Amino acid sequence: MNRCFASVLTGWALLIGTLSAQAQQPAAASRAIIVFDASGSMYGEVPGGVKIDIAKKVVSDIVGSIDPAMELGLMAYGHRKKGDCEDIELLVPPQPGSAAAILKAVSGLEPKGKTPLTAAVIQAAKYLKFEEARASVILVSDGVETCEKDPCMAAEELERLGIDFTCHVIGFDLKPGESSGLECLAKKTGGMYLAAKDAASLKSSLEVAMKQVAKPVTTLVIEAKKSSGGALIEGAAFQVFAEGGGENAIATGSGGHWSTELPKAGKYTLSAKLNGKVIELNVSIKEGETVTKEVVFAETGLKAVAYDKEGGVAFEREVAWELSGPADSEGNRAKVAYSYEAKPFLKVAPGSYLLTATRGNASASLEVTVKEGAAQEVKVILGSGNLKLSAISAEGQPAIAKDLIWDIQSAPDAEGQRKKLGYSYDAQPKLTLPSGPCLIMVSYGNAKGQKEVELKGGETQEIVVLIGSGKVKLSVVMDEGGTAVAKDVIWEVLGEADAEGNRPKVAYSYDAQPTLSLPAGTFQVGVSVGNAKGKATVEIKAGTITEKVLTLGAGRVKLSALANEGAAPLSKDTIWEVLGAPDAEGNRTKAAYSYDAQPLLSLPAGKYLVKLEWGSAKSKKEIEVVAGKLTEIPININAGTLALSAIMAEGADAAPKGLNWEVFGEANAEGERPKASYSYDAQPKIHLTAGKYLVVATRGAAVAQTEMEVQAGKMTTKALNLNAGTLKLSSSTPGSWDIYGPKDGEGNRKKLTYSYDAEAKLFIPAGKVLVVRSKGDKKAELEVEIKANALSELMLDAK
C-alpha cells in the first residue's frame with residue numbers, strides 16, 4: 001500500500017498539558033488512588049537527590065494544584081515494616097478536597113520494607129469498587145515486585161473483572177530489564193507506562209497520568225524495537241489511518257517512542273517505516289483508553305507456543321514469555337525480549353537464548369538457538385494442570401457466589417515450609433498450576449476451609465471446598481422493641497473459651513447492622529454504642545442465616561452548658577465527665593467523658609453524676625438516663641470570661657509575649673486568696689465562676705494587679721498597665737547582671753531581677769534603676785532611667 005507521510009506535528013505535546021488546564025476541566029466523576037512506593041530502595045539517589053525526597057516533592061507539587069472536586073486518594077506500601085508483604089495502607093481515602101490530607105500523609109512516609117506493588121494495586125482497585133464503576137490507579141514505583149505476585153497476570157484479572165479499570169504506571173529509576181512487569185500492568189489495563197529518571201521527568205510523567213485520569217484521552221502509543229520487549233530504537237516514521245478514511249493519515253510522527261491522541265474510539269491502521277522497511281498493524285481502541293503497540297524491525301526470531309502436556313492443546317491466553325541471553329561468567333543472563341501474547345513472535349538476532357514460559361504459577365524453560373532466516377517454531381511443555389474451584393458453606397448448598405479469597409500453596413518442603421502457588425479473589429476461579437500435590441485454602445469472611453489435592457499435568461480438576469460456615473445478621477436496640485441503632489456501633493465476636501477462660505477474637509465490624517460469615521459453632525457477640533455495652537451468645541449453623549438482636553437497656557443524653565440561666569449553650573472549651581452511681585463505699589466509676597460542646601452520649605439506663613468544667617469554672621448535676629429515650633440536660637455553670645491584656649504604658653499596644661497571669665479568688669477569714677486560674681498567653685480569655693477576683697499580670701520584673709468582678713454570661717475586658725519599659729543590656733566581659741530599684745527612705749535598693757546572659761533583654765518598671773555588672777571581684781554599675789513603653793540600651797563591662 002502506498003501512503004504519503006505528511007508532516008504533521010503530533011506526539012507527546014498533544015498529551016502533556018499543564019496541570020492548571022487539567023484543573024479547569026476535570027471529569028466530574030474522576031476517582032483515583034495514587035499508590036506510592038515507600039519501600040527501602042526509595043532511599044537510593046538519582047540526579048537531583050534522594051528518590052523518596054524527590055517523589056514526595058513531586059507528588060506534593062502536583063496534588064497541591066489539582067481541582068478540589070477530583071476524588072483523589074493515597075495508598076502506600078513498604079513504609080511501616082521491613083520484610084512484610086502485608087505492609088500496605090490506604091492513608092487517604094479518595095474524596096474531594098483531599099489535597100491537604102495527601103500532602104500531610106506523603107510528608108510522613110519513611111522507606112523501610114518490601115515492594116508488594118501488585119497487592120497494593122489490587123487493594124486500591126477493590127477500594128474504588130472497580131467491578132461496579134470506572135476506577136483509575138496511578139502507581140509510582142522504583143522497583144520490581146518482591147512479594148511473589150505477578151503484576152501482568154493481576155492486570156489481566158483486573159481488566160477482565162473491572163467495568164473500566166485503568167492503571168497508569170510510572171517507573172522511577174528502573175534498571176534495564178526491570179520494567180517488563182510494570183509495563184504489562186499498564187498496557188493490559190489500557191493505561192500508560194511512563195519512565196522517569198529524575199525530578200523533572202517524574203513530575204512530567206505524573207502530570208501526564210493525572211491529566212489522563214481527570215479527562216481520559218483515546219491514545220495510541222507506538223514503540224519501535226529491534227526485538228519484542230527489547231530496547232527502543234530511534235529513526236522510525238509512523239502514520240495512523242482511520243478505517244475507511246482513505247489515503248490521508250490522521251497523525252504522523254517519528255522516533256522510538258511516540259504517541260498520538262485519536263479523535264475517537266474505533267479501528268485504525270498503523271504504518272511504521274525504518275530503513276526502507278514498512279510494517280503495518282491493525283489497532284482497535286476504546287474511548288478514553290491508552291493502547292501501546294510494539295513495532296519490531298527484525299526478521300529472525302522464535303514463534304513460541306506453550307502446552308500443558310505433550311500432545312495437549314496449545315494455550316490461547318494468559319502466557320508470559322521471557323527470552324534471556326547467554327549466561328555470563330557469574331551465571332547471570334540479560335533479558336533481551338518478552339511478551340504477554342499467548343503465541344508470540346519474538347524477533348531477535350541469531351544466537352543462543354533461554355526461553356521461559358509462565359502461565360499462572362506454572363513455568364518451564366528451554367535452551368534455544370536462533371538461526372538466520374525464517375522464524376523457528378518452539379514448543380514449551382509447562383507440565384501444568386488446571387483447577388476449577390468453588391466453595392460451599394454446607395453439604396447440599398449452592399456454590400458461594402462472592403466474597404471468597406483463595407490461597408493455593410505447595411506441599412511442605414523438608415523444613416515444613418510451603419510455597420505460594422496461586423491466589424484469587426474470584427468466587428469460582430480457574431487457575432493453572434504446576435502438577436503435584438498442593439493445599440487449597442479459602443476464606444469466606446471469618447470462616448475458612450481447606451483441601452489437599454494432587455494436581456495432574458494436562459488435566460482440569462473441579463474442586464469443591466466445604467467451609468462449614470453460616471451467617472449471622474446482627475442489630476442492636478437501645479430498649480426492648482425499639483428501632484435498630486443506625487450508626488456509631490462497634491461489634492466484636494469472640495470464639496469459645498479455652499481451658500483458661502480466654503476467648504479468641506474471630507471477627508469485628510463497624511457497620512450498624514453487619515452480616516458476618518463465621519464457622520459453625522458457638523460465639524460470644526459484644527456490641528458497643530457509645531458507652532453502652534451488651535453481649536450475647538449466638539449459635540452458628542452451617543449453611544444457615546441466624547438473626548440476632550441485642551438489647552442494651554440504654555438511653556441517650558444530650559448535654560449542654562449554659563453560662564447563666566436563659567443563655568445560649570456554650571460552643572467550646574467544655575470538659576464533661578460522667579460518673580456512675582456510688583457503690584457501697586461511696587466511690588463512683590467513670591462512665592463517659594467528652595470534650596464536645598454539646599455531647600450526645602449513649603449510656604446504660606440509670607443514675608449518674610455529670611461534672612462540667614469550663615476553664616476554671618465548674619459545676620455538677622445528678623441526672624437519670626432512661627432506656628430507649630433521649631434526655632436533653634442543660635447545666636448552668638454560672639460563669640463568665642475575663643479577656644485580659646497588658647500594656648507597657650497608657651495608650652500603648654498590648655504586650656505580645658512574655659506574660660504570666662495569676663487570678664486569685666476572694667480572701668478567706670485569714671486573708672488568704674486561693675489561686676483560681678493562671679495563664680501564659682499574652683491575651684488570655686479565662687473562664688471563671690461569677691464572683692470577685694484579684695488579677696495579677698507579670699512581665700519580667702514589671703507587675704500590675706487589679707480587682708475585677710466576673711459576671712455570669714458576660715465577658716469582661718481589661719488591659720492592665722505595667723508602667724514599664726525594656727532594658728537591653730550587653731557586655732564584652734563575662735559576668736552576671738543585677739538590677740536594683742530606686743532607693744527607699746533608708747537608702748536601700750530592692751533587687752528587681754537578674755540575668756546570666758551576656759546580652760539580656762529585661763522588662764523593668766519605669767523609674768531609676770541601678771544596673772550592676774559583676775564577675776568575682778570585678779564590678780561596674782550605672783544608674784539608668786527606664787521610661788514606660790520605651791527601649792533603653794546599655795553596654796557595661798565588669799572591670
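Computed from a predicted model, the values in this text were never measured in an experiment.
The stretch residues 731-744 participates, sequence neighbours left out, in these side-chain hydrogen bond (donor to acceptor under 3.5 Å, both in side chains) pairs: Ser731-Thr733, Ser731-Arg773, Ser731-Asp797, Ser732-Asp797, Asp738-Lys751. Pairs passing the salt bridge (charged side-chain N to carboxylate O under 4.0 Å, His left out) check and including a residue from residues 88-105, sequence neighbours excluded, read Arg80-Glu89. Applying the salt bridge (charged side-chain N to carboxylate O under 4.0 Å, His left out) test to pairs two or more places apart or on separate chains, those with a residue in residues 649-675 are Glu662-Lys675, Arg673-Glu707. Pairs of residues two or more places apart, or lying in two chains, never qualify as side-chain hydrogen bond (donor to acceptor under 3.5 Å, both in side chains) while including a residue from residues 785-795.
Each of Leu72, Leu74, Leu90, Ile138 was compared with Ile33 under the side-chain contact (heavy atoms from CB on, under 4.5 Å) criterion, and only Leu90 meets it.
Looking at every heavy atom in both residues, Leu194 comes nearest to Ala209 through CD1-N, 4.3 Å. In this structure, Ala704 and Leu720 approach most closely via the heavy-atom pair O-CD2, 3.5 Å. When all heavy atoms are compared, the tightest approach of Leu174 to Gly143 is CD2-N, 3.5 Å. Heavy-atom minimum distance, Met70 versus Ala32: CE-CB, 4.5 Å. Among all heavy-atom pairs drawn from Pro94 and Leu128, the shortest one is CG-CD2, 3.8 Å. The minimum heavy-atom distance linking Ile88 with Ala120 is given by the pair CD1-N, 3.6 Å.
Counted by atom type alone, Thr716 and Tyr693 present zero donor-acceptor pairs between their side chains at under 3.5 Å. Side chains of Thr698 and Asn660: no donor on one and acceptor on the other come within 3.5 Å.
Every residue meeting the ring pair (Phe, Tyr, Trp, His ring centres under 6.0 Å) condition with Tyr754, not counting sequence neighbours, appears here in chain and number order: Tyr756. A search for side-chain hydrogen bond (donor to acceptor under 3.5 Å, both in side chains) contacts involving Ser205 returns nothing, not counting sequence neighbours. The ring pair (Phe, Tyr, Trp, His ring centres under 6.0 Å) check on Tyr595 picks up nothing, with sequence neighbours excluded. For Ser677, the side-chain hydrogen bond (donor to acceptor under 3.5 Å, both in side chains) partners at least two apart in sequence or on another chain are Ser616. Legend: residues meeting side-chain contact (heavy atoms from CB on, under 4.5 Å) with Ala617, ordered by chain and number and at least two apart, are Ile637, Ala639, Thr689. Under the rule for a side-chain contact (heavy atoms from CB on, under 4.5 Å), the partners of Leu609 that lie at least two apart in sequence or sit in another chain are Leu579, Arg588, Lys611, Lys620, Glu622.
Leu603 contributes atom CG, which lies 5.0 Å from atom OH of Tyr608 (distance to the nearest 0.5 angstrom). Atom OG1 of Thr717 sits about 7.5 Å away from atom CE of Met708, to the nearest 0.5 Å. Taken to the nearest 0.5 Å, the OG atom of Ser602 stands 11.0 Å off from the NZ atom of Lys533. Taking CZ from Arg749 and CG from Leu770, the interatomic distance works out to 4.5 Å, rounded to the nearest 0.5 Å.
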Contacts table for residues 41-48: side-chain donor-acceptor under 3.5 angstrom, sequence neighbours left out:
{"residue": "Ser41", "atom": "OG", "partner": "Ser39", "partner atom": "OG", "Å": "3.3"}
{"residue": "Ser41", "atom": "OG", "partner": "Asp142", "partner atom": "OD1", "Å": "2.8"}
{"residue": "Ser41", "atom": "OG", "partner": "Asp142", "partner atom": "OD2", "Å": "2.9"}
{"residue": "Tyr43", "atom": "OH", "partner": "Glu110", "partner atom": "OE1", "Å": "2.5"}

Could you pull out every donor-acceptor pair under 3.5 Å between side chains of residues 569-576 and any protein atom, sequence neighbours left out?
{"residue": "Asp573", "atom": "OD2", "partner": "His687", "partner atom": "NE2", "Å": "3.2"}
{"residue": "Thr574", "atom": "OG1", "partner": "Trp576", "partner atom": "NE1", "Å": "3.4"}
{"residue": "Thr574", "atom": "OG1", "partner": "Asp596", "partner atom": "O", "Å": "3.1"}
{"residue": "Trp576", "atom": "NE1", "partner": "Asp596", "partner atom": "O", "Å": "3.0"}

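At distances below 3.5 Å, not a single donor-acceptor pair connects side-chain atoms of Asp757 with backbone N or O atoms of Ala760.
Looking only at side-chain heavy atoms (C-beta outward), Leu727 and Lys761 stay at 4.5 Å or farther from each other. No side-chain heavy atom of Leu612 sits under 4.5 Å from any side-chain heavy atom of Leu562. Counting only heavy atoms from C-beta outward, the side chains of Glu781 and Lys779 approach each other to under 4.5 Å. In this structure, the side chains of Ser141 and Ile170 stay at 4.5 Å or more apart for every pair of heavy atoms. In this structure the side chain of Val35 never reaches within 4.5 angstrom of the side chain of Leu117, judged on heavy atoms.
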